[in-house]
Amino acid sequence: MRAEAPRFGRRLLIRGAAQPPAQATMHLFETLKQRVTTIAQGEGLSVGLDRIAVETPRDPTHGDLATNAAMVLAKPAKRNPRELGEIIAARLVEDPLVAGASVAGPGFVNITIAPEAGAKVVKAALDGAAFTRLAETDAPQKVNVEYVSANPTGPLHVGHARGAVVGDALANVLALRGHAVTREYYINDAGSQVDALARSAFLRYREALGETIEIPSGLYPGDYLVPVGEALAREHGEALRDMAEEAWLPIVREVSIAAMMAAVREDLDVLQIRHEVFFSERSLQVPTDIVAATIQRLEGEGLIYQGVLPRPKGQADDWEDREQTLFRSTQYGDDIDRALKKSDGSYTYFASDIAYHDDKIQRGFDRLIDVLGADHGGYVKRMTAAVAALSHEKVQLDCLLCQLVKLYRAGEPVKMSKRAGDFVTLRDVVDEVGADPVRFMMLYRKSDAPLDFDFAKVTEQSRDNPVFYVQYAHARCASAKRQAVEALGADVLDDLSEAAAEQLVDAGEKALIILLAQWPQVLAAAADSAEPHRVAFYLHELASALHTQWNRGKDDTALRFVNAEARDLTRARLALVEAVQAVLRTGLSALGVSAPSEMR
RNA sequence: GGCCCCGUAGCUCAGCCGGAUAGAGCAACGGACUUCUAAUCCGUAGGUCGUAGGUUCGAAUCCUACCGGGGUCGCCA
């Protein structure tokens, strides 16, 4: 059963059908890399061309850009890197995009770009969507991103929020990279935990009928099941109470799961997270036992056997050797073979998950990504092995582990215990601080690093708060344009692509242009490495460069974006502002964070 | 004990498919600003990139071992 959720993010899924006209696109780094490669080929060099990189040097006195070409090409060609560098530099300066090139250090070629090159970058970035399409891959894949997949036994808590945001942003980034992305949620509705849920709801049902109940440990004590009990009482009266458990449990279970999933979707909704596919684990067993069929297929390949696992060292005092159905995951790099059936004959979670991943493979995905909590780290090898076995190593599985989130309130840790009602739900956090800070902060850290989340800090309006800092940069761009209109009339913003942007030669303006030029490759790298946090850091850097330039205008009015005495220069700078704003807006949108025009 | 992740400035962290003098923010120190281009700005100082080896012309980055922190370890999901 695959319930199709309302379509969402379709815009992100649509690939740019028509390539924009050539002069509108300017991938500065790619273009220069091409030029350098061509020069190298003209010199008869062919080994190491793919290692040529054009990057920004750490030290800005080294120029705007630098290439390692001379160094990576010299060795295989048995040539002197500095000499080779001189040749490359001499040829590069012939290029109209290049104002200067010189050899430095062990053989770096440092490049100063011409004002015309900067102007092209600015004009390309004016159309944020077209500029972003420069990040599209020429080898698009069908990618499945599975994330959240929380047990439907209660509301989502803060820990889930991180996986939810990371998965969603990753899906966005992959889509912008040109891949066909499906966002998916696996509903664990088949195990013993949902039976425990049903028993808990049944107690609430009896409570609704007037009984005094006590919820034993092992069941779910949260009062979020009270309404479920009441609904059961309304619908069934006392009918369920007199049934045997085998009779009422399936009924109560189904109602409870439906209620929990409705709550989960509402919780995700407040973060604007929508999955396209909700996949039921139970549907792999009922009405048809797809799990069995999958196992049988693997058995045909000699990957299933009855066996006894070795006793693990160091612990497991109560270990008893036991023969069970095992998957030969060691054949694909796992440390130990893994059990597929429990002693009562039912499938392990892993067995169902094998069938589930097989379903994804059958649906034709080239790449599968599972966003998991860090406590599932031990699960990665076996699932990777299973996908390799099922797809005959054709399909790649990447598991992205998200570390824990620690909550703070003004520096003090927020205490959470597992007891009823004493954990912070996703909804609590979003209600208190808003969706934007939650989303941005969850992405402002590598996902495999622990994250501190401070309620006070993320709503603070200061530069210490990265969410505010980036959004404010976007708002500041809007503000600059408003001021320009006031000073120079509404038509000052017309046809900014016609502005004389080659006037943007100030160091701060150039720094902004170089940063803008990096956007397509930052996005591409974030997608390829499955690291959406790179986008967040990049946006912070771009925001910082904008604020810096703005602040320089305080000391030196000649640098202000808006100058009522110099309409032509103002228009050039407005083009830059517009370009920065477009990239900020596109980037924030990829992260699912709003881009306000003013901060209130 | 096995496996996975992490260890970078006082703090919180980027950088990691090898490249130049290792970066940012906070805190510290020294200045500027008294303002709607608002929700600060400029500068200074701060480092055996956990330790020890190895590969390399070149290592925070790759390999090995160890130390420290976290997670996880047959029928929970």
What does the list of N/O pairs under 3.5 Å between the protein and nucleotides 67-70 of chain B look like, with a distance for each?
none

Looking for any heavy atom pair under 4.0 Å, which part of the strands does Ser346(A) touch: base, sugar-phosphate only, or nothing?
-> nothing
Note, Val264(A) side chain near Pro155(A) side chain (heavy atom, < 4.5 Å) | no
Are side-chain heavy atoms of Val47(A) and Leu73(A) found at a separation under 4.5 Å?
-> no
Can you give one letter per nucleotide of nucleotides 31-46 of chain B, going 5' to 3': B for a protein heavy atom under 4.0 Å from the base, S for sugar-phosphate only, - for none?
-> ------BSBSS-----
Of all heavy-atom pairs linking Gly63(A) and Thr112(A), the shortest is CA-OG1, 4.4 Å
Leu309(A) vs Arg51(A), nearer the 5' end of RNA chain B by closest nucleotide = Arg51(A)
CD (Glu565(A)) with more than 12 external heavy atoms under 6.0 Å = no
5'-most contact on RNA chain B (nearest-nucleotide basis), Asp321(A) vs Leu401(A), goes to Leu401(A)
Ala135(A) to Leu523(A) - nearest heavy-atom pair and separation = CB-CD2, 3.8 Å
In 5'-to-3' order, the base (B), backbone-only (S) or no-contact (-) status of each nucleotide in nucleotides 9-15 of chain B, using a 4.0 angstrom heavy-atom cut-off, is ---SSSS
Do you know the tightest heavy-atom contact between Ser329(A) and Asp337(A)?
-> N-OD1, 3.2 Å
Would you classify Ala66(A) as touching base, sugar-phosphate or nothing, given that sugar-phosphate means primed atoms plus P, OP1 and OP2, and contacts are heavy atoms under 4.0 Å?
-> base
Return the value, rounded to whole Å, for the distance between atom OH of Tyr185(A) and atom C1' of A77(B).
-> 12 Å
Could you measure between the two P atoms, the one in G7(B) and the one in C62(B), and give it in whole Å?
-> 11 Å
Tell me which nucleotide among A20(B), G74(B), A77(B) gets nearest to the side chain of Ala339(A).
-> G74(B)
Can you sort out the partners of Asp506(A) under side-chain contact (heavy atoms from CB on, under 4.5 Å), two or more places apart, ordered by chain and number?
-> Glu509(A), Gln549(A), Arg552(A), Leu559(A)
Grab the CE-P distance between Met260(A) and A77(B) for me, whole Å please.
-> 19 Å
Sugar-phosphate, base or nothing in reach of Glu281(A), heavy atoms under 4.0 Å | sugar-phosphate
Ignoring hydrogens and angles, answer whether the base of A20(B) and the side-chain atoms of Asn110(A) contain a donor-acceptor pair closer than 3.5 Å.
-> yes
Scan side-chain atoms only and decide if Gln193(A) and Asn188(A) contain a donor-acceptor pair under the 3.5 Å cut-off.
-> no
Is the backbone of Ala558(A) close enough, under 3.5 Å, to the side chain of Asp556(A) for a donor and an acceptor to pair up by distance?
-> yes
Going by distance alone, is a donor N or O of one side chain under 3.5 Å from an acceptor N or O of the other, for Asp370(A) and Tyr147(A)?
-> no
Taking CG from Asn68(A) and P from A20(B), how many angstroms apart are they, rounded to a whole number?
-> 11 Å
Without hydrogens or angle criteria, can the side chains of Arg445(A) and His533(A) be said to hold a donor-acceptor pair below 3.5 Å?
-> no
Let me check something: any side-chain donor-acceptor pairs from residues 400-407 of chain A under 3.5 Å, sequence neighbours excluded? List them with distances.
none

For RNA chain B, which ranges pair as stems of 3 or more consecutive Watson-Crick or G-U pairs, with both donor-acceptor distances under 3.5 Å?
-> B:1-7 with B:67-73, B:10-13 with B:23-26, B:28-32 with B:40-44, B:50-54 with B:62-66
Side chains of Ser479(A) and Glu598(A): do they bring a donor and an acceptor to under 3.5 Å?
-> no
